[in-house]
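Every chain is numbered from 1, with letters handed out A, B, ... down the list of sequences. Because the structure is a prediction, the values reported are computed rather than measured.
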Amino acid sequence: MSALIETHDLTLRFGDRTVLRDVDFAIRPGEIVTVVGPNGSGKSSLMRALIGGLKPAAGRVTRARGLRVGYVPQKLVLDRTLPMTVRRFLSLPRRVTDEAAREALARAGAAGTGQQQLATLSGGQFQRVLLARALLDRPQLLILDEATAGLDQPGAAAFYRLIEDVRHDTGCAVLMVSHDLHVVMSASDRVICLNGHVCCEGTPQVVSEAPVYRALFGEGTRGALALYRHHHDHHHHGDAQSHDHPQAERHAEQAEA
Amino acid sequence: MLDDFMVRAALAGMGAALAAAPLGCFVVWRRMAYFGDATAHAAILGVALALAFSISVFTGALAVALLMGLAVTMLSARDHAADTLLGVMAHSALAVGLVAASFLTNVRIDLMAYLFGDILAVSRADLAVIWGGAALVLCLVGWRWQAMLTATLNPELARAAGIDPRREQLILTLALAVVVAVAIKVVGALLITALLIIPAASARPFARTPETMALLAAGIGIAAALAGLGASVSFDTPAGPSIVAAAAAGFTLSTALGALRRG
């Protein structure tokens, strides 16, 4: 299968400072890819280059023709002077029907919020509304830039389960940048560890055992990664498509963590 | 009907208020009040240059306001200390404009008319310029409304949807320069920013969507223009400042009502 977005020898600079060099990256239909890396490692810059907001200093970014991207920004600072209902927000920049808006909100777990002001939503609701907006165009690729930065751990975990459900139902590829290593990695097909360049790349298990990854993130994540292995061991034997775990089992796993 | 100077003044005030309303909303949402000041103050320099070279005052004010808008846009994109920079540009533009005007020894220039407006002396030709400019601004803003709103909310969100935020910023700058050139006759260069932001800010407590805010701002702006003109005739006060004072009274009232509704 050909890639939705590909970069070839991508180098990004801000002024004299090189934030990212020689990145070869590709994401294929239906994949969940996570980019991890310390602050200032160029994660967000990579996202910006992929959506066309940052011009490569060298190398190139190639998108599949007519690619539909749904983008969930890191955070959306809403100026208090700007009145905006959830329903109105969903119609930006393309106006959508009430039915499409209702469906997207329901899909993202934010049903019934249409008439609320964006500014009055809780952090978790806000992220779900951003996700609903991103889903409206039936994206082939969903890009989430630190989408759970403002959420607590259970909130973040719930949000990632939602993302997995969306992928399962729509078949869209998902590209995420995250700090929530253990939560986010368990849901990924592939992890890319970034620190100015691609340090290592592979299945979550391969990356978590790579010495460069350990050097960047320390040994502190071991427990969570043990949990991760346990998590994946049992459903990789069966239906690889299914990421659905019985609710009770999920709780047990969290308790272990 | 247009023979009556009060009718012409009322039409001029309504045209300027109408053009200023949607743009004023963007000025408020994007926190561009200083940007509006810099653009408006630069227009004084444009007026002085226009008189020196015997071209139309509207053209001179529009050209210099546009240049200032572009300069400020470029500089503030590069430097994040935009607040100080804008303050420097806004007040320097005014000072340089006033100095330039003082060199015009062979042209009689009524500076007060350009600083505070001269709406009671609006001619039929001025009216045509004001309403033509207002129509242009409304078309521009209407055409780019969805894209500009998206870019205002979040530049990356706009990028991902194929909108170039810099392009929207440029269109906004252009529209702002037109409003400045149109409104200089109505409220004067010093009070144009007031005509932009006060009606928009007054509309905020009662608006649930960006569109209702812009419509309410237009209504409030037009009411302020008419009330200010009326007061100016009744009490023999200067017309431009009276219009802004009426808008300020509206703002006070709306803020109080908004607080009551919430409380």
Which bit of A:R68 comes within less than 4.5 Å of chain B, counting heavy atoms only: side chain, backbone, both or neither? neither
What part of A:L78 gets within 4.5 angstrom of chain B, counting heavy atoms only: side chain, backbone, both, or neither? side chain
Who among A:I51, A:T81, A:V77 has the most heavy-atom pairs with chain B under 4.5 Å? A:T81
Out of A:L82, A:V69, A:V72, A:D145, which one racks up the most heavy-atom pairs below 4.5 Å with chain B? A:L82
Under 4.5 Å from any heavy atom of chain A - which part of B:R208: both
Given a strict heavy-atom distance threshold of 4.5 Å, which part of B:R31 is in contact with chain A: side chain, backbone, both, or neither? side chain
Considering non-hydrogen atoms only, spot the tightest contact between [X] and [Y] and give its length.
X: B:L86; Y: B:A38; value: O-CB, 4.5 Å
X: B:V180; Y: B:A40; value: CG1-CA, 3.7 Å
X: A:T11; Y: A:D22; value: OG1-N, 3.3 Å

Between [X] and [Y], does at least one N-O distance fall below 4.0 Å, as a salt bridge requires?
X: A:D189; Y: A:R167; answer: yes
X: A:R88; Y: B:E211; answer: yes
X: A:D98; Y: A:R87; answer: yes

Winner by heavy-atom pair count (cut-off under 4.5 Å) against chain A, out of B:N154, B:V28, B:L157: B:L157
